[in-house]
Protein chains: 4
Amino acid sequence: MVNLALFGAGRIGQIHAANVALNADCNLLYVVDVNAEVAQQTADKYAAKVATLDTVFADEAVDAVLICSITETHADLIERAALAGKAIFCEKPVDLSIDRVNACLALVKEHQVPLMMAFNRRFDPNFAHLKNVLDSGQVGDIEMLTISSRDPSAPPASYIKSSGGLFRDMTIHDFDVARWLLGEEPISLYASASALTEDYVKECGDVDTAIITLTCKSGKMAVITNSRRATYGYDQRVEVHASGGMLSINNVPESTLSIANQQGVSSQKPMAFFLERYAAAYRHELDAFIQGIVSGEVNYPSGDDGRKALLMADAAVKSLQTGEVQPLNLTAE
Amino acid sequence: MVNLALFGAGRIGQIHAANVALNADCNLLYVVDVNAEVAQQTADKYAAKVATLDTVFADEAVDAVLICSITETHADLIERAALAGKAIFCEKPVDLSIDRVNACLALVKEHQVPLMMAFNRRFDPNFAHLKNVLDSGQVGDIEMLTISSRDPSAPPASYIKSSGGLFRDMTIHDFDVARWLLGEEPISLYASASALTEDYVKECGDVDTAIITLTCKSGKMAVITNSRRATYGYDQRVEVHASGGMLSINNVPESTLSIANQQGVSSQKPMAFFLERYAAAYRHELDAFIQGIVSGEVNYPSGDDGRKALLMADAAVKSLQTGEVQPLNLTAE
Amino acid sequence: MVNLALFGAGRIGQIHAANVALNADCNLLYVVDVNAEVAQQTADKYAAKVATLDTVFADEAVDAVLICSITETHADLIERAALAGKAIFCEKPVDLSIDRVNACLALVKEHQVPLMMAFNRRFDPNFAHLKNVLDSGQVGDIEMLTISSRDPSAPPASYIKSSGGLFRDMTIHDFDVARWLLGEEPISLYASASALTEDYVKECGDVDTAIITLTCKSGKMAVITNSRRATYGYDQRVEVHASGGMLSINNVPESTLSIANQQGVSSQKPMAFFLERYAAAYRHELDAFIQGIVSGEVNYPSGDDGRKALLMADAAVKSLQTGEVQPLNLTAE
Amino acid sequence: MVNLALFGAGRIGQIHAANVALNADCNLLYVVDVNAEVAQQTADKYAAKVATLDTVFADEAVDAVLICSITETHADLIERAALAGKAIFCEKPVDLSIDRVNACLALVKEHQVPLMMAFNRRFDPNFAHLKNVLDSGQVGDIEMLTISSRDPSAPPASYIKSSGGLFRDMTIHDFDVARWLLGEEPISLYASASALTEDYVKECGDVDTAIITLTCKSGKMAVITNSRRATYGYDQRVEVHASGGMLSINNVPESTLSIANQQGVSSQKPMAFFLERYAAAYRHELDAFIQGIVSGEVNYPSGDDGRKALLMADAAVKSLQTGEVQPLNLTAE
């Protein structure tokens with residue numbers, strides 16, 4: 001039985017807490033949240049206790065922590081958990097500063113605790129099915145990867161100001177998917193982007209519409225298209241063009257209902273946003289984290305995966321600022 | 001070079017005339033139509049001559065006739081063509097009276113001229129593809145056949161009064177498709193139907209909405225669903241449930257355009273009606289008719305196929321009138 | 001907080017127990033199962049106690065019972081629960097004998113306890129979406145209903161012998177869906193069926209392939225197609241042809257992955273069987289049961305719905321035996 | 001009646017000759033081809049005469065010419081036609097040298113003859129439908145355009161050596177589509193490409209797999225993905241992401257047949273290649289050319305459209321050679 005502490009009982013923290021309850025191999029011991037009421041409600045619901053960070057890190061019964069608090073706290077909490085010898089499940093990113101990330105990961109390495117960066121898409125049944133078929137070799141070698149990733153609507157200005165911008169908060173998921181599927185580190189990146197949705201996006205100094213091209217030494221390529229606004233819902237598609245065929249995963253509609261009438265044949269929009277679309281992914285990633293601890297075989301998206309995705313986001317920012325293609329050096333850990 | 005005469009230069013006659021022009025092995029010699037102006041325009045367009053029936057049947061240069069005139073004329077024209085030794089392409093039906101059909105086909109048999117009943121669906125590339133895969137055995141033996149066949153809107157009352165009603169003018173195509181795909185003559189038929197679209201349908205003593213069940217001795221079954229009104233366009237689908245899988249053909253949309261927005265994901269309606277939907281089928285059936293004459297290997301939907309489809313329509317009428325299941329005896333020619 | 005006892009901790013009982021755990025308004029008090037080990041494991045997993053029927057019915061803390069045991073026990077358990085004043089959630093059927101059903105429901109009526117027959121499809125998000133759009137009137141009045149319902153493979157002979165056969169164990173779900181969607185009681189039924197899959201089906205005196213036609217007084221019709229074997233997976237589709245358009249719900253694929261290569265474009269099979277396909281439906285039906293108890297507004301598929309579906313199954317058996325259309329009299333309760 | 005001469009009776013010339021025969025407003029007078037036998041067969045089939053270029057250009061009865069001969073002859077034939085005052089329909093490109101194109105188009109301008117560059121996709125019913133809906137404003141302003149364009153297999157080395165390479169012979173169609181749909185000239189281009197299919201592609205100094213990003217001053221963007229090998233057939237899709245929704249056109253399958261079995265649900269491959277896929281487009285573009293001559297309102301893809309697409313191809317070559325983003329200056333004619 002893996003005993004857990006939850007840091008942050010907000011929207012994503014609630015998802016993970018519910019999945020802990022469904023997993024027979026783990027147990028929620030503590031809930032930590034700056035909002036005392038939310039902490040208490042969550043603790044009550046799952047028969048856990050409200051606690052302080054100090055209590056959690058001092059309690060030897062705690063095997064692992066789930067870091068679901070705000071980005072600014074991630075690196076500190078990772079470091080404290082590493083020092084305390086706890087396994088770590090952390091929402092992306094480690095930090096928005098690559099230097100801070102490097103320092104943090106060095107400490108984790110030193111203390112040899114498992115660290116899983118929660119890149120949810122790797123655990124979505126559709127993405128995972130595509131990956132399995134690709135790895136099976138039945139469509140040959142990947143030649144080109146196309147990722148369409150669009151949010152239903154732009155986040156508020158306050159979020160954009162603290163998130164690191166489109167590339168660091170949204171595209172970072174696509175960078176991870178690209179690395180995971182390409183099976184080879186990209187060596188160059190070119191980003192083209194503009195602000196076309198809400199006026200405040202430009203005022204925040206950010207962009208909302210982007211095309212990013214990645215190239216690998218072997219000649220494999222990937223292209224990521226992003227938008228902060230898709231009126232038709234959360235758009236999450238991947239297409240792999242390989243030497244022996246094409247693999248693609250499509251959006252998951254809200255229902256399979258179709259309505260045919262004089263206006264045409266209408267089917268349902270994609271599921272609204274990540275909480276619905278990736279519900280199964282969240283369950284599977286928590287299960288994988290626990291399974292890794294139980295079995296001792298850790299095969300997660302790692303801190304280094306988080307670091308590399310951030311390096312790509314940083315390169316995208318620089319490409320956009322300079323209008324030039326950027327080299328990527330992702331091989332050294 | 002097969003020399004042809006066209007009887008009836010209306011909507012369907014025009015289709016066949018254009019397909020004659022595209023077929024390198026045949027030539028349109030004569031056009032016969034009660035409307036002199038239409039006859040002349042058609043003749044001019046395809047470098048043919050306007051003629052009377054007597055001229056056509058007396059001219060030894062005429063190898064074959066295309067009967068596209070109104071239903072009431074079919075049996076007479078078939079008989080005159082048989083007597084004159086011309087090959088015959090005839091729009092369905094031979095006649096609405098089964099006795100008249102029997103007499104007419106007896107004469108055709110006696111004079112041994114090729115007779116093709118133009119059941120267009122057998123020549124549609126989609127239907128033909130399904131039939132080929134079914135015959136290949138790759139999905140095993142057919143167990144159940146489902147035919148959905150719906151017109152976009154009810155024909156005018158005048159048409160209904162002379163057409164023989166839903167079963168004899170519309171379902172007759174589905175009866176032919178059912179026999180063709182089942183590969184075994186059905187032995188019983190049950191029809192349930194009602195008048196739900198336009199008031200004049202009921203006033204004409206007809207129905208517009210129907211479910212017909214067919215059973216075979218081996219246990220194979222088929223169900224046909226019909227409507228005279230499909231607001232979303234011409235609905236023409238077939239599903240074959242077989243021991244090793246399911247084959248289905250879907251509607252052909254007007255274009256592949258899809259529009260995704262806040263209302264959902266909208267694709268295009270099926271093609272409007274038979275002239276558009278079966279354009280390729282008309283081309284292929286004319287080609288098959290000519291090819292049969294050229295090669296001497298006649299493998300058409302025959303007069304007997306027309307007769308059997310009419311017997312099924314008559315049984316459907318009787319089933320509806322009595323509320324009882326009707327036996328079918330289609331084996332004897 | 002609604003306190004529950006679970007009768008039967010087999011496959012379907014486990015599903016309901018897990019959904020009880022996810023519902024914040026109810027609590028599992030007791031588990032009853034003839035298999036002591038299974039009962040104990042289930043009780044342990046959900047912090048409940050193993051008990052006898054007598055204990056459950058005698059304990060005033062128990063508000064409701066979930067009857068998930070074998071069919072033969074349903075009517076007795078319903079009656080004991082009614083006598084004890086417990087709300088009842090029962091898997092279909094009440095019983096295979098219509099007389100027994102009538103007696104049982106009379107007792108339930110007398111004791112005025114809520115009884116929900118767990119017809120899962122009404123709670124599936126896809127079926128429910130179709131029903132909502134139909135009820136909204138946006139596609140006008142229903143004219144024809146088509147239900148395709150096929151199991152992936154035939155159940156073992158032992159099951160068939162005790163289940164009441166195809167119509168009473170499988171089609172009964174489709175009969176309920178038909179009544180629910182038609183919004184009008186059917187007045188006649190014609191069933192055509194045969195045994196085409198496994199030899200033992202015929203040896204058990206049952207059929208595995210069926211077409212059932214239902215007609216209503218208004219002229220509305222429905223057709224149900226069934227098979228005990230669909231090599232491509234669990235086939236569960238509905239199509240509503242209405243005066244202003246067509247509604248349809250399609251199968252839910254195992255994933256959205258599509259593979260395009262020289263053989264064609266391959267997408268995934270429908271989800272394997274009811275446990276996967278109706279996972280959300282099971283969650284929603286349990287939620288609805290609890291919500292009805294909490295709110296006092298019971299709006300379930302009732303015992304009478306179960307009775308009427310059984311009457312239709314009985315009529316289908318008779319239609320098949322006689323080869324004749326059967327009248328249905330479902331209006332009187 | 002528009003009298004035409006056909007230059008080049010190869011594969012594409014045959015298509016246009018057949019479409020001339022189907023168009024009631026034009027007539028084929030002459031066929032010119034270096035292969036005397038092919039010229040004669042074509043002339044015989046369509047009741048035209050074999051002729052030399054001198055005869056065609058000297059004959060005042062000739063209203064227009066269809067240039068379907070090899071690329072090297074295009075500019076010369078355009079110039080001779082312009083000097084002779086004939087309307088010109090020309091397969092792309094005008095020439096592979098931009099200087100030669102400029103000189104040629106200057107002469108056309110001077111002699112004020114209609115010149116249509118036969119960019120077939122603009123006339124495909126699916127592309128045209130998308131364009132119409134986009135122009136209607138119902139999905140708002142275009143923000144991002146995605147073009148997937150892949151040939152079924154690489155052309156022979158001999159073709160690659162003379163075609164100008166991937167960007168000038170294949171992507172040039174996509175460049176035209178991008179300009180047509182964006183409604184604004186792109187101002188920068190970045191091309192990433194590699195040779196991943198056949199060894200001889202690299203040996204010819206060409207590439208076969210490419211991603212090209214285009215940006216406009218307003219912030220609109222486009223991305224084109226290309227491959228010379230798509231094992232699943234000719235892949236021709238467009239997606240328009242706009243402020244109020246997404247428009248997309250999908251491939252046209254060979255038939256609507258779907259096969260569901262234990263392996264999954266298999267549908268048909270896209271139509272094999274351009275002759276099948278764009279059959280309707282060829283018919284519509286010829287009709288548009290004739291209609292423009294008859295009506296005097298010329299609204300074609302022009303010589304300048306051909307020139308701009310070539311400028312984009314040249315920029316793509318330079319981007320690939322330098323690894324740098326290239327500016328585009330397409331505004332001046």
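Note on naming: letters A, B, ... go to the chains in the order of the sequence lines (proteins, then strands), and numbering restarts at 1 for each one. Excluded from the calculations below are hydrogen atoms, water molecules and symmetry mates; all remaining heavy atoms, backbone and side chain alike, are included. Bear in mind the structure is a predicted one, so any value in this text is a computation, not a measurement.
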**Student:** Hey, is CG on A/Asn35 packed in by over 12 heavy atoms from elsewhere, all under 6.0 Å?
**Tutor:** yes
**Student:** For atom CG of A/Asn132, is the number of surrounding heavy atoms from other residues, nucleotides or ligands below 6.0 Å larger than 12?
**Tutor:** yes
**Student:** So for atom CG, which belongs to A/Asn299, do other residues, nucleotides or ligands contribute more than 12 heavy atoms lying within a distance under 6.0 Å?
**Tutor:** no
**Student:** Do the side chain of C/Thr256 and the main chain of A/Asn250 share a donor and acceptor less than 3.5 angstrom apart?
**Tutor:** yes
**Student:** Ignoring hydrogens, what is the shortest heavy-atom contact between A/Val133 and C/Ile259? Give both atom names and the distance.
**Tutor:** CG1-CD1, 3.9 Å
**Student:** What distance do C/Ser267 atom OG and A/Ile249 atom CD1 have between them, rounded to the nearest 0.5 Å?
**Tutor:** 14.0 Å
**Student:** Quick check on A/Gln138 against chain C: is it the side chain, the backbone, both or neither that has a heavy atom closer than 4.5 Å?
**Tutor:** side chain
**Student:** Counting heavy-atom pairs under 4.5 Å to chain A, which of C/Asp124, C/Asn261, C/Asn126, C/Val265 comes out on top?
**Tutor:** C/Asn126
**Student:** Where does A/Gln268 contact chain C at under 4.5 Å (heavy atoms): side chain, backbone, both or neither?
**Tutor:** side chain
**Student:** For a 4.5 angstrom cut-off between non-hydrogen side-chain atoms, does C/Ser248 reach A/Ser258?
**Tutor:** yes
**Student:** Taking side chain as C-beta onward, heavy atoms only, is C/Leu257 less than 4.5 Å from A/Leu247?
**Tutor:** yes
